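Working notes, beginning with the structure itself.
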Amino acid sequence: MVFAAELAGLGDIAAAAVAMGFAGIAGSMTTGQLRAALKAMVLWLDPAAARRRMEQGRAQARVEAWPEGSGNAGLAGRELPAADAVADKRITAIARALKDAGAPGTLDQLRAAVFVALLAGRDPETLLPPSPGQHDQADGESEPDRNPAGPGAPGDGPGGSGATGPAGSGGPGPGGLGSLTGTVHLVMPAAAWLGLSDAPGEAAGSGPLDAWTCRDLAARLAAGPGTRWQVTLTGPDGRAVAHATPRAGPGPPGQPRGGRDWLAGLRFDRLEHRTCSHRRQTPRYQPPDRLQNLIRARQRTCSFPGCRRPATRCDLDHTLAYDQGGPTCECNLSPLCRRHHRTKQAGGWNLTQPEPGVLVWATPHGRTYTVTPDPYLV
Ligand SMILES: [Zn+2]
Ligand SMILES: [Zn+2]
């Protein structure tokens, strides 16, 4: 069903070729992984067709409102430009900040409340419970982290959380929660940035994006104040081999000359391969930013088999625990989402990293699964 749905837009020969290419490895992928890989392959094979389909869909852009069966109401924007996904990240950033500040409800419930508040022109801060200073009864629940100046003030918890990230991040501003912009982690081939190819990219959590959407999104991010840049060099097999974190970006997308000079001036760190030289090992528990960037460039998702949680939203786990002598080094760190971090700690599971980036899981039933980093599509 996944093959049929994702390859429907290709001609028969191209569809058969892609299906043949993926038949061997499809069995080792989850349907989510297979869907994302096929989507990216279709974008790569026929980017113009994908774009035409998108533009046709764009003509149907609309806002839909309908009564839910439960008696509640539904409200959704349909066929919006994919680059407008930024709005969704902003909703999440504000909802997360509210949750951290003690607003009741799940993240989904808070996202829904923020969505409506923003559309209705209400300040999302009205969703916060009254702060302790605002009423007299002492309820015994002290909130030592709360900045007396109120939410959104510099140094306040809510404003700072959920808003830092590798690209397009917005920190707390003078406007409080409403000024949070959310984080978009966009990965695209340098050649597509330069306008030399229309190879697809991806946004963490949203999946593959065509080159036009990537450039559109990139242009918006490049103009933003909190944007951070990372450049990953890949080998012929699509795996990360080296990484750089330039201070400034390459200028607007679609300009080959300036972009090439920018790339040529970067200093790259080579990733450890097979046998680790431990040259970036640190005695501290917490890996420095540079090491964290390398690990997340090597592995873009959680290291549990089939988990697609973006590494940007994962903790870096010491494969062999730090207090058992596990080094803080490329050969002993990998991203794990909170859920699979707990899985690892549950009885019967065993995780090893025989070479940098290769994770071997042994289940309580004695099976083993080897997880290698997802290749980049370049
Ligand atoms: Zn090492
Ligand atoms: Zn996971």
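It should be emphasised that the depicted structure is a prediction, and the values quoted were computed from it without experimental measurement. One-based numbering, in listed order, for ligands and for the atoms of each.
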Excluding sequence neighbours, so at least two apart, what forms side chain to side chain donor-acceptor pair (under 3.5 Å) with D317?
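Partners of D317 by the side chain to side chain donor-acceptor pair (under 3.5 Å) criterion, ordered by chain and then number, come out as H341, K344.
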
Step by step, work out the side chain to side chain contact (heavy atoms under 4.5 Å, CB included) result for L128 and L98.
CA-CA 6 Å; L128 277 173; L98 286 168; 3.6 Å; yes

Count up the protein N, O or S atoms sitting under 2.8 Å from the Zn ion (ligand 2), would you?
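Counting protein N, O and S atoms closer than 2.8 Å to the Zn ion (ligand 2) gives 4.
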
Test side chain to side chain contact (heavy atoms under 4.5 Å, CB included) on T227 and R220; report intermediate values, then the result.
CA-CA 10 Å; T227 300; R220 294 193 208 187; over 6 Å; no

Would R300 count as a cation-pi partner of Y376, with NZ or CZ less than 6.0 Å from the six-membered ring centre and within 45° of the ring normal?
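Here R300 passes the 6.0 Å and 45° test against Y376.
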
How many angstroms lie between CZ in R51 and OG1 in T213, if you round to the nearest 0.5 Å?
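Rounded to the nearest 0.5 Å, the CZ-OG1 separation comes to 8.5 Å.
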
If you round to the nearest 0.5 Å, how far is NE2 of H340 from SG of C307?
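C307 SG to H340 NE2: 5.0 Å, rounded to 0.5 Å.
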
Show every donor-acceptor pair shorter than 3.5 Å between a side-chain atom in residues 362-370 and any protein atom, with sequence neighbours excluded, or say none if there are none.
| from | atom 1 | to | atom 2 | distance (Å) |
| --- | --- | --- | --- | --- |
| T363 | OG1 | H365 | N | 3.2 |
| T363 | OG1 | G366 | N | 3.4 |
| T363 | OG1 | R367 | N | 3.2 |

Is the number of heavy atoms from other residues, nucleotides or ligands within 6.0 Å of CZ (R58) greater than 12?
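Counting neighbours around CZ of R58, more than 12 heavy atoms of other residues, nucleotides or ligands fall under 6.0 Å, so yes.
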
What protein N/O/S atoms are found closer than 2.8 Å to the Zn ion (ligand 1)?
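Sorted hits: C276 SG, H278 ND1, C329 SG, C331 SG.
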
Charged N to carboxylate O below 4.0 Å: is that the case for R90 and D84?
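Salt bridge: no.
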
